[in-house]
Student: 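So that we are looking at the same thing, I have put the structure below in C-alpha cells.
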Amino acid sequence: MKRSVWMAASAAVALSVVPVGAAAADSGPADPAPAAQDAQQVNSPANPGPEAPAPAVPDPGSDKTNPAPAPTGDGDKAAPQASGANNAAAQQNKPATPAEQPQVGSQGSQGNQGNQGAAEQPQENQGGAPAAPEAAPGKLPGRAALEQRLKSQDVAALTKGVQEGSSLSLAYQVLDIETGDVLAASNADQLLVPASNTKLLTVTALLSVFDGTETFDTTVVSPAPGQLVLVGGGDPLLASAASGGHPKRASLEELAAKTAEKLKSQGLSKVTLGYDASLFQESWATTWLSGYRDQVTPISALWADEGRDAKQVRSTDPAGDAARIFATQLAAQGITVEGSPATAKGSGEEIAKVSSPGVHAIAAAALETSNNSYTEVLGMQLARKLGQPTTFAGTAAAVQQELTRLGLWHEGAVLYDGSGLTRENHVTASMLAGVVRYVMITPRASVVQEGFPVAGVSGSLTNRFDDEISTAGRGIVRAKTGTLSLVSTLAGTTVTADGREVAFAFMTNGSTDGWAAQVWSDRGAALITGCGC
C-alpha cells in the first residue's frame with residue numbers, strides 16, 4: 001500500500017536572549033579552535049567520557065573524543081568505518097545519559113510526494129480488489145497553542161553558556177507540509193550559522209539539476225605509446241580496492257586490471273604514469289581553519305578512499321597518492337611503471353575507465369554520513385554543471401542560483417562552501433524549513449528526505465532524544481543535524497499527535513553549552529510531535 005501523502009506544519013520561532021555583556025554577532029565569536037561539524041555517527045554509541053571545560057572532539061573515524069578543542073566534522077567518515085558521536089562541542093556539557101529507551105521504527109516519513117495533500121486514488125491489488133484509500137490528513141495544529149508550547153522551553157542552561165561580550169540567538173520555524181502554512185514563528189528570518197545543514201541546501205540544489213543517474217568516470221588515457229595518464233573525473237566514492245556493498249564503488253584495482261589487459265593486447269609491458277586532477281580548480285576553502293584537516297580531505301577530482309590511509313589519516317596530496325596506488329596495482333598486473341607518477345595533461349586514446357555509482361547514490365552516501373568531503377566534491381560537480389567555476393565560490397554560487405530558481409533562496413543568505421564548515425555561512429530558519437518542505441513534496445529530491453537520521457534510531461540522532469521531554473520524538477522525528485562550536489541546528493520533519501506531518505528548523509547560535517543547545521532543539525521537535533493542539 002502506498003505511504004501517506006507528506007503533510008507537515010511549519011513554525012519558525014527564534015528567540016533573542018538578552019546579551020551577556022556587549023552584544024556580538026548572532027553566531028557568537030569564533031573561539032581559538034572552533035569545533036567543526038557534528039561528528040558523524042552511524043548507529044554507533046556516543047562516548048561522552050569525562051568532560052573537560054573545552055569542547056571535546058572526536059578522533060577521525062571513531063566515536064572517541066579527545067579533550068583538546070578542535071574542529072569536529074559533522075559525521076565525516078570514510079566508509080565503512082563510522083567516525084564519531086555527534087559533535088563533541090555538543091557533548092562537553094552533557095549530563096549522565098539515562099538508559100536508552102527502546103528503539104522504535106521510523107513512522108511513515110517517506111510519503112508519496114507527487115500528490116501534495118490530495119487523497120490518493122485506489123489502486124488495484126494483485127487480486128483485482130481496489131486498495132483502501134489513504135487516511136485523510138490530520139488536523140492542523142493551532143498556531144497560538146503550538147507557539148506557546150515551543151516558547152515554554154527553559155533556556156537557562158543555554159543562557160548560562162553565553163560568553164561575556166556575546167549574545168544568544170535562537171530561531172525556529174514549523175511549516176505545514178501540505179499547505180506551506182506557517183504554524184509558529186519567531187525570528188525565523190534572522191540570519192544565523194547553519195553548520196552542517198548547509199549540506200541540505202547543497203544536495204537539494206544538486207538533485208534539482210542532475211536527474212540522479214549520471215556517473216563520474218575515472219579514466220586512463222595514452223598521449224603516446226608507452227605513456228599513461230590517470231584522469232580524475234570527480235568520483236568521491238572511488239576506492240583503492242574492489243569490494244562489495246551498496247552502492248558498488250568503482251575502484252583503482254578494477255581500473256588497473258582493465259588497463260593491463262588493454263596494454264598487453266598492444267604488446268606493452270612497460271609504461272610511464274602521469275595523473276590529471278585538473279577538473280577542480282581549488283582544494284581548500286579560504287574560510288576553513290587549518291585545524292579542519294581531520295574533518296575534510298583537500299578536495300580533488302582524483303582520490304581513492306577519500307584520500308585516507310589504512311589508519312584513516314587524511315592525505316595532503318590525495319591525487320598523487322591515488323596515482324601511486326594505481327602504479328602499484330599495475331605492477332601487480334604485470335605492467336612495469338618506470339619512474340614516479342607525476343602531474344600531466346590527460347589526453348589521447350582512452351585505454352580504460354571505471355564509473356561511479358549514480359548521483360543519487362553518491363548524494364545518499366554524503367547525507368547518510370554527513371560527509372564533508374563527499375559533499376564538497378558534489379558541490380564542485382554542481383558548479384561545473386551550471387557553468388560556474390569549480391571553486392568553493394563557484395559551489396556557493398551554483399547552490400544560490402538553483403535555490404533561487406526554485407524560490408527557496410532568501411535575501412541576505414550567504415554561503416562560502418557546500419558542507420557547512422565555514423562559520424561565515426548564514427541562512428535563516430525559514431529558509432531551512434522551506435527546503436525541508438520542498439524535498440518532502442518533490443519526488444526528485446526523495447534521496448534527501450530518505451537520508452534524514454531518525455531520532456533515537458539512526459545516524460547523528462542515534463544517541464539523542466533521550467530525556468523525559470524529547471523522548472516523545474524518538475522514532476518519529478527525522479532530521480539533519482548541524483554543529484560547530486557555539487552553533488547547533490536541526491532541520492527535518494515530524495508527525496503531530498493528530499497525524500499532521502510538518503517541517504521544522506531549529507537554530508541556536510552563541511552558547512558554549514553544545515549539549516544544552518541540542519537538547520533545546522530535540523525538545524522543540526518533540527513538543528511539535530506531541531502537539532494535539
Student: Would you sort out whether Leu382 and Val399 count as a side-chain contact (heavy atoms from CB on, under 4.5 Å), showing the intermediate values?
Tutor: CA-CA 8 Å; Leu382 172 65; Val399 173; 3.8 Å; yes

Student: Going from OG on Ser419 to OH on Tyr292, what distance comes out if it is rounded to the nearest 0.5 angstrom?
Tutor: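 Reported to 0.5 Å precision, the distance equals 9.5 Å.
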
Student: In the structure I gave you, are the side-chain heavy atoms of Thr198 and Leu421 within less than 4.5 Å of one another anywhere?
Tutor: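 Thr198 vs Leu421: side chains apart.
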
Student: Is the shortest side-chain heavy-atom distance between Val477 and Phe452 below 4.5 Å?
Tutor: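 In short, these two side chains do not touch, never coming nearer than 4.5 Å.
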
Student: If you apply the rule side-chain contact (heavy atoms from CB on, under 4.5 Å), what do you find for Gln190 with Asn509, and how did you get there?
Tutor: CA-CA 11 Å; Gln190 183 178 3; Asn509 281 191; over 6 Å; no

Student: Using distance alone, with no hydrogens and no angle criterion, decide if Thr529 and Thr494 have a side-chain donor and acceptor under 3.5 Å apart.
Tutor: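 On atom types as modelled, these side chains qualify, holding a pair under 3.5 Å.
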
Student: Would you name the heavy atoms of Leu432 and Ala505 that are closest together and state the gap between them?
Tutor: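 That closest heavy-atom pairing would be CB-CB, 3.7 Å.
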
Student: Strictly by modelled atom types, are Ser373 and Glu306 linked by a side-chain donor-acceptor pair under 3.5 Å?
Tutor: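 Judged by distance alone, the side chains do pair up.
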
Student: To the nearest 0.5 angstrom, please state how far the OG1 atom of Thr297 sits from the CG atom of Asn372.
Tutor: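 These two atoms lie 9.5 Å from each other.
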
Student: Check this for me, if you would: do Arg523 and Asp467 make a salt bridge, where the nitrogen-to-carboxylate-oxygen distance has to be below 4.0 angstrom?
Tutor: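 Judged by the 4.0 Å cut-off on N to carboxylate O distance, Arg523 and Asp467 do form a salt bridge.
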
Student: Contact between Leu206 and Lys385 at the side-chain level, heavy atoms closer than 4.5 Å - yes or no?
Tutor: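 A side-chain contact is absent here, since even the closest heavy-atom pair is not under 4.5 Å.
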
Student: Is there a side-chain contact between Thr286 and Phe392, using heavy atoms and a 4.5 Å cut-off?
Tutor: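 When only atoms from C-beta onward are counted, Phe392 and Thr286 do not touch, as no gap falls below 4.5 Å.
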
Student: Rounded to the nearest 0.5 Å, what separation is found between the CD atom of Glu376 and the CH2 atom of Trp284?
Tutor: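 Going from the CD atom of Glu376 to the CH2 atom of Trp284 covers 10.0 Å.
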
Student: So, the side chain of Arg474 versus the backbone of Phe465: is there a donor-acceptor pair under 3.5 Å, distance only?
Tutor: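 A pair under 3.5 Å: yes.
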
Student: Got a second to check how far Leu140's CG is from Asp498's CG, nearest 0.5 Å?
Tutor: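 Result: 9.5 Å between the selected atoms.
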
Student: Quick one: does Met507's side chain get under 4.5 Å of Val427's, heavy atoms only?
Tutor: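 The answer is yes; the side chains approach within 4.5 Å.
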
Student: Would a 4.5 Å heavy-atom cut-off, applied to side chains only, mark Leu490 and Leu461 as touching?
Tutor: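 With C-beta onward as the side chain, the pair touches.
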
Student: For Phe506 and Thr489, run side-chain contact (heavy atoms from CB on, under 4.5 Å): C-alpha distance rounded to whole Å, both residues' side-chain angles, the deciding distance at 0.1 Å, then the answer.
Tutor: CA-CA 6 Å; Phe506 288 88; Thr489 62; over 6 Å; no

Student: Just by distance, with hydrogens left out, do Ser430 and Asp189 show a side-chain donor and acceptor under 3.5 Å apart?
Tutor: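 The criterion, which ignores hydrogens and geometry beyond distance, is satisfied for Asp189 and Ser430.
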
Student: Give the intermediate values and the outcome of side-chain contact (heavy atoms from CB on, under 4.5 Å) for residues Phe504 and Val436.
Tutor: CA-CA 8 Å; Phe504 64 80; Val436 170; over 6 Å; no

Student: Please confirm whether the backbone N or O of Trp409 pairs with a side-chain atom of Gln400, one donor and one acceptor, at under 3.5 Å?
Tutor: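 No: the side chain of Gln400 does not pair with the backbone of Trp409.
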
Student: Under 4.5 Å between any side-chain heavy atoms of Arg405 and Ser208, yes or no?
Tutor: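 Yes, their side chains come closer than 4.5 Å.
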
Student: Taking side-chain hydrogen bond (donor to acceptor under 3.5 Å, both in side chains) as the definition, give me every residue that meets it alongside His360, ordered by chain and number, with sequence neighbours left out.
Tutor: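 Checked His360 against side-chain hydrogen bond (donor to acceptor under 3.5 Å, both in side chains); zero matches.
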
Student: Once you round to the nearest 0.5 Å, how far does SG of Cys531 lie from CG of Leu146?
Tutor: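 The CG atom of Leu146 is 5.0 Å from SG of Cys531, to the nearest 0.5 Å.
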
Student: Atom CG of Leu170 and atom OG1 of Thr508: how far apart are they, to the nearest 0.5 Å?
Tutor: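 Rounded to the nearest 0.5 Å, the CG-OG1 separation comes to 6.5 Å.
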
Student: Looking at side-chain heavy atoms only, is the closest gap between Gln381 and Ile362 below 4.5 Å?
Tutor: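 Side chain of Gln381 against side chain of Ile362, heavy atoms only: no contact under 4.5 Å found.
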
Student: Run through Val155, Leu158, Thr159 and flag the one making a side-chain contact (heavy atoms from CB on, under 4.5 Å) with Ser511.
Tutor: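 The passing option is Leu158.
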
Student: Any donor-acceptor pair under 3.5 Å linking the side chain of Ser152 with the backbone of Arg149?
Tutor: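 Yes: the side chain of Ser152 pairs with the backbone of Arg149.
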
Student: Do Thr391 and Gln281 have side-chain N/O donor and acceptor atoms under 3.5 Å apart?
Tutor: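 No pair is found: no donor N or O on one side chain lies under 3.5 Å from an acceptor on the other.
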
